[in-house]
Engineer: 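This is the structure, below, for whatever I ask next.
This chain uses plain numbering: 1 for the first residue, then up along the sequence. Every number for a ligand or one of its atoms is a count from 1 in the order of the listing.
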Amino acid sequence: GGKIMEKKQIEEMIDLAIRQLDYSYVPYSHFHVGAALLAKNGTYYTGCNIENAAYTPTNCAERTAFFKAVSEGVREFQDGVLTEYAAPCGVCRQVMMEFCDPETFQIILAVSKDKYDIFTLKELLPLGFGPANLA
Ligand code: THU
């Protein structure tokens, strides 16, 4: 879980996510998605979507950010941000469910620095199945 972010931090994360749009590899959909994720240790992890000629190996921006962090030993996150106003897909919500407290993890859906909405993971994934269900 995380604490509520300050406006300045939200703007910084939106900025980081928007900058990721340049790196999206999207020759098939031409739909750019960028993400930025804040770890509890204060490090930002960014991600873009990466498509593939075989289509299904495509990785969403959100999962790119999460997997970059987890692959570096970081599993505790504060907040998330996604750009393009595309709500995260179901698979990405499930990945968030693995590492984040659905009650407190905040997801910012932003179109610009001053136009965004904030949701908890629980709002986007009600009755989600996670590690607690297997405990
Ligand atoms: N995409 C994301 O990166 N995140 C989402 O949550 C929605 C979908 C990407 C996958 C694909 O590259 C493109 O957007 C169109 O689906």
Side-chain angles (χ1 to χ4, degrees):
K3 56 185 176 216
I4 304 299
M5 291 168 291
E6 288 171 19
K7 192 163 189 289
K8 202 176 149 234
Q9 193 172 48
I10 291 174
E11 288 179 353
E12 190 174 357
M13 292 190 76
I14 293 174
D15 224 22
L16 285 171
I18 288 173
R19 269 187 265 152
Q20 283 294 303
L21 300 176
D22 287 342
Y23 301 130
S24 285
Y25 175 73
V26 288
Y28 309 107
S29 75
H30 305 288
F31 187 76
H32 295 243
V33 184
L37 183 62
L38 178 57
K40 264 193 186 152
N41 67 13
T43 308
Y44 287 107
Y45 290 90
T46 57
C48 63
N49 51 337
I50 304 165
E51 298 187 343
N52 190 280
Y55 292 10
T56 49
T58 293
N59 211 55
C60 292
E62 299 86 336
R63 274 177 292 142
T64 301
F66 269 91
F67 294 162
K68 279 169 68 181
V70 174
S71 70
E72 292 183 17
V74 173
R75 297 178 189 163
E76 296 199 316
F77 304 103
Q78 294 221 0
D79 304 294
V81 61
L82 322 166
T83 64
E84 283 277 52
Y85 219 84
C89 82
V91 170
C92 289
R93 293 176 202 206
Q94 187 63 37
V95 168
M96 293 176 203
M97 187 73 194
E98 189 67 27
F99 298 105
C100 306
D101 179 346
E103 309 257 1
T104 56
F105 187 67
Q106 314 265 311
I107 297 155
I108 307 161
L109 302 186
V111 252
S112 68
K113 258 201 215 179
D114 36 40
K115 193 160 182 256
Y116 56 84
D117 285 308
I118 304 181
F119 301 90
T120 62
L121 178 55
K122 194 178 179 177
E123 287 176 302
L124 298 186
L125 192 65
L127 298 175
F129 184 87
N133 295 98
L134 292 178

Engineer: Would you say Cys89 has any N or O atom under 3.5 Å from an N or O of ligand 1, going by distance alone?
Structural biologist: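 By distance alone, the answer is yes.
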Engineer: Going by the order shown, which atoms of ligand 1 are within less than 4.0 Å of some heavy atom of Ser29?
Structural biologist: 13 (C), 15 (C)
Engineer: Could you tell me whether the side chains of Glu51 and Ser29 share a donor-acceptor contact shorter than 3.5 Å?
Structural biologist: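 Yes.
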Engineer: For atom 3 (O) of ligand 1, find the nearest protein heavy atom and state the residue, atom name and distance (0.1 Å precision).
Structural biologist: Ala61 N, 3.0 Å
Engineer: Compare Cys48, Ser24, Cys60 and give the one whose heavy atom is closest to atom 8 (C) of ligand 1.
Structural biologist: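 Result: the heavy atom closest to atom 8 (C) of ligand 1 is in Cys60.
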Engineer: In ligand 1, which numbered atoms sit nearer than 4.0 Å to a non-hydrogen atom of Pro88?
Structural biologist: 6 (O)
Engineer: Taking the minimum heavy-atom distance to atom 12 (O) of ligand 1, which of His30, Arg93, Glu51 ranks first?
Structural biologist: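 Looking at heavy atoms only, Glu51 sits closest to atom 12 (O) of ligand 1.
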Engineer: Is it true that Glu103 and Lys122 make a salt bridge, defined as a side-chain N closer than 4.0 Å to a carboxylate O?
Structural biologist: yes
Engineer: Are there protein heavy-atom neighbours of atom 16 (O) of ligand 1 below 4.0 Å?
Structural biologist: no
Engineer: Does a side-chain N-to-carboxylate-O contact under 4.0 Å join Lys8 and Glu12?
Structural biologist: no
Engineer: Any donor-acceptor pair under 3.5 Å linking the side chain of Asn59 with the backbone of Ile50?
Structural biologist: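 No, because the side chain of Asn59 does not come within donor-acceptor range (under 3.5 Å) of the backbone of Ile50.
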Engineer: Given ring-ring contact (aromatic ring centres under 6.0 Å, His included), test Tyr28 with Tyr55 step by step and report yes or no.
Structural biologist: CA-CA 8 Å; Tyr28 309 107; Tyr55 292 10; 5.7 Å; yes
Engineer: Between Gln20, His32, Glu62, Arg63, flag the one that comes closest to atom 5 (C) of ligand 1 by a heavy atom.
Structural biologist: Glu62
Engineer: Provide, to 0.1 Å, the distance between atom 9 (C) of ligand 1 and the closest protein heavy atom, together with that atom's residue and name.
Structural biologist: Asn49 ND2, 3.4 Å
Engineer: Could you tell me which atoms of ligand 1, counted from 1 in the order shown, lie closer than 4.0 angstrom to a heavy atom of Ala87?
Structural biologist: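 Within the 4.0 Å cut-off of Ala87, ligand 1 contributes 6 (O).
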Engineer: Tell me yes or no: between the side chains of Thr58 and Asn52, is some donor less than 3.5 Å from an acceptor?
Structural biologist: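 Absent: no donor and acceptor within the cut-off.
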Engineer: Determine whether a donor-acceptor pair (N or O, by modelled atom type, separation under 3.5 Å) exists between the side chain of Arg93 and the backbone of Leu121.
Structural biologist: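 Not confirmed, Arg93 side chain does not pair with Leu121 backbone.
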